[in-house]
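So the structure is just underneath, and the comments pick up after that.
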2 protein chains.
Amino acid sequence: MEVLAAVFTTRPRADGTLDLDVLLWQRAMDPDAGRWALPGGVVGPDEDVDQSARRQLADKVDLTRVAHLEQIGVFSDPGRVPGARVVATGFLGLVPLGAEPSLPPDTRWHPVAALPPTALDHGGITGRAAGRLRAKLSYTNIGFALAPAEFTLATLRRVYAAALGHDVDPTNLHRILLRRGMLEPTGTTAPPGPAGGRPAALQRFTVSELRVTDPFAAFRPPDRPA
Amino acid sequence: MEVLAAVFTTRPRADGTLDLDVLLWQRAMDPDAGRWALPGGVVGPDEDVDQSARRQLADKVDLTRVAHLEQIGVFSDPGRVPGARVVATGFLGLVPLGAEPSLPPDTRWHPVAALPPTALDHGGITGRAAGRLRAKLSYTNIGFALAPAEFTLATLRRVYAAALGHDVDPTNLHRILLRRGMLEPTGTTAPPGPAGGRPAALQRFTVSELRVTDPFAAFRPPDRPA
DNA sequence: CGGGGTTTTCGACTTATAATCGAAAACATG
DNA sequence: CATGTTTTCGATTATAAGTCGAAAACCCCG
């Protein structure tokens, strides 16, 4: 029994936009030596898989500030690794923008849109994790785990755009997150950029743990509060 | 490594409404002798957990017509069972209304709303599975796995009401499922009940595998098709 | 065979939420 | 202080869901 974590963050690109990256380390030994793998390892006898995933990230890639970590599924194909059968629990992890830890050698962030050759089934696990992230961005407050503690709406827009893979409308983003009570202004403003312009109000997420908004109010009972 | 499946179906109650039930068997041996447990068992060396769950259901409770089966998570607390640590993968299974198989002795359907004393952590797993079912009813076509092949809108309403735990509006149910392209009329009608009344048009789900409707179109890019 | 009772179906309206657009606000620079 | 830039927000439109009630289509009974 092992755990494998696809840890994502967004990192600045040259053109000012952000890129969705996943943390991978390059295998030195066979099988799949030279290919890139997800961090993880064997689950200890006195920990559950969630604790184990946290521990492995701290131990192996010095990653202690994972803002969110959740199971995405069990990968148990008998042939997923050569030799004896190893069952893996896959995780989705998120690190806020700008909170990247110093990485050990052989460990690097890679753009999810252009993965290097991946080891074993780690590419598939990464894809599943990215899909889960994209889905949850639209009906949960999971953005808190990708955004910095305080941020401008323009920054949040770039974070969402990077994770979703398409541009988002800033008016909608603001109004929807406000309506759901996920966002609130800090009261302070960020200094304007080099080109001037109105200074942006700093925002924060109201809660820093996963909250689900009713995906659909559909079929709602007559008397239930909205 | 074991699998445990919370298999649900809806069954008629005396008052004409439906009840959401889960399949449990009564343990004869310790630990937790006499308490009720989820069907499942140890994963074999040449099968993955999904195949294993299907096999166990077929072998142990003669359940071959599970219309839907999906992972809901890994349960790995070192103390979840006495003795050596056993990691379990939990599953949500669904059986259509009226498709109940003949059950082995010691195996019975129990109302989810009033579970008998459950073994180990099986009550918690059942709760998680029920929550997943309720969530997916509102943004997927998962109803196909609870409804018969053909059904009237009134029946579907009762199925949804049982699974969700609250009444649903038939007009909304119809219009929403139609709009999403999940439902279509068969062209035939069901005979009216003993009290007469307009005969109901028979309906069916258009697809019989899980389809997710965009939970939110939120943040949609300007040019993406709806 | 026509009226009253029953159930289903659907149109019409209201409300809630999201998408789009553009103008106003608030700053920097020359 | 005029001009350019970025942010913010109000106004409008579009889409989806919730609510209501009437019409449709059947039964039974007198």
Side-chain angles (χ1 to χ4, degrees), chain A residues 16-17 137-139 150-161 164 166-203 213-226, chain B residues 16-17 137-139 150-161 164 166-203 213-226:
Chain A
T17 64
L137 274 176
S138 52
Y139 67 94
E150 300 191 350
F151 48 86
T152 69
L153 209 55
T155 299
L156 189 64
R157 174 195 189 180
R158 281 188 283 268
V159 170
Y160 270 70
L164 289 173
H166 62 75
D167 198 12
V168 298
D169 181 81
T171 298
N172 257 333
L173 186 63
H174 191 194
R175 199 165 27 80
I176 291 174
L177 294 185
L178 267 187
R179 175 197 293 280
R180 295 182 190 163
M182 293 176 175
L183 211 62
E184 68 184 4
T186 66
T188 56
T189 62
R198 175 174 177 172
L202 286 173
Q203 318 274 337
T213 66
D214 260 347
F216 275 102
F219 324 132
R220 178 193 294 147
D223 57 332
R224 203 177 64 178
Chain B
T17 64
L137 274 175
S138 52
Y139 68 93
E150 300 190 350
F151 48 87
T152 69
L153 208 54
T155 299
L156 189 64
R157 175 195 189 182
R158 281 188 284 268
V159 169
Y160 271 70
L164 289 173
H166 62 74
D167 199 13
V168 297
D169 182 83
T171 299
N172 257 333
L173 186 63
H174 192 194
R175 200 162 31 83
I176 291 174
L177 294 184
L178 268 186
R179 175 196 294 278
R180 296 183 190 163
M182 293 176 174
L183 211 64
E184 68 184 4
T186 66
T188 56
T189 61
R198 175 173 176 172
L202 286 173
Q203 318 275 337
T213 66
D214 260 346
F216 275 103
F219 325 132
R220 178 194 295 147
D223 57 330
R224 203 176 64 178

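In what follows, every chain begins at residue 1, and chains take the letters A, B, ... in the order their sequences are listed.
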Figure out the [atom1]/[atom2] separation between [X] and [N], and round it to whole Å.
X	N	atom1	atom2	result
A:Ile176	D:dT15	CD1	P	16 Å
A:Leu178	C:dT17	CG	C1'	14 Å
A:Leu173	D:dC9	CG	C1'	15 Å
B:Leu202	D:dC26	CG	P	13 Å
A:Asp169	D:dT8	CG	P	14 Å
B:Arg157	C:dT8	CZ	P	9 Å
A:His174	C:dT20	NE2	C1'	17 Å
A:Asp167	C:dA19	CG	C1'	14 Å

I'd like a list of close polar pairs between nucleotides 2-6 of chain D and the protein, N/O only, cut-off under 3.5 Å.
{"from": "D:dT5", "atom 1": "O2", "to": "A:Gly197", "atom 2": "N", "distance (Å)": "3.4"}
{"from": "D:dT6", "atom 1": "O2", "to": "A:Arg198", "atom 2": "N", "distance (Å)": "3.1"}

I want to check something: taking the side chain as every heavy atom from C-beta on, are [X] and [Y] in contact at a cut-off of under 4.5 Å?
X	Y	value
A:Leu173	A:Leu183	no
B:Gln203	B:Leu177	no
A:Thr152	A:Leu202	yes

Residues B:Arg157 and B:Asp169 bridged, charged N to O under 4.0 Å: no
Find the distance between CG (B:Leu156) and CD (B:Glu150) and round it off to the nearest 0.5 Å. 13.0 Å
Is any side-chain N or O of A:Asn172 closer than 4.0 Å to OP1 or OP2 of C:dA18? no
Ignoring backbone atoms, establish whether A:Arg175 has a side-chain N or O less than 4.0 Å from OP1 or OP2 of C:dT20. no
Which heavy atom of A:Pro199 sits nearest to which heavy atom of A:Ala190, and what is that distance? CB-O, 3.3 Å
Do you know which two heavy atoms are closest between A:Thr213 and A:Arg180, and how far apart they sit? CG2-CD, 3.7 Å
Record whether the side chain of B:Arg179 comes under 3.5 Å of the base of D:dA17 through a donor-acceptor pair of N or O atoms. no
Tell me which of B:Thr171 and A:Thr152 sits closer to the 5' end of DNA chain D, going by the nucleotide each one is nearest to. A:Thr152
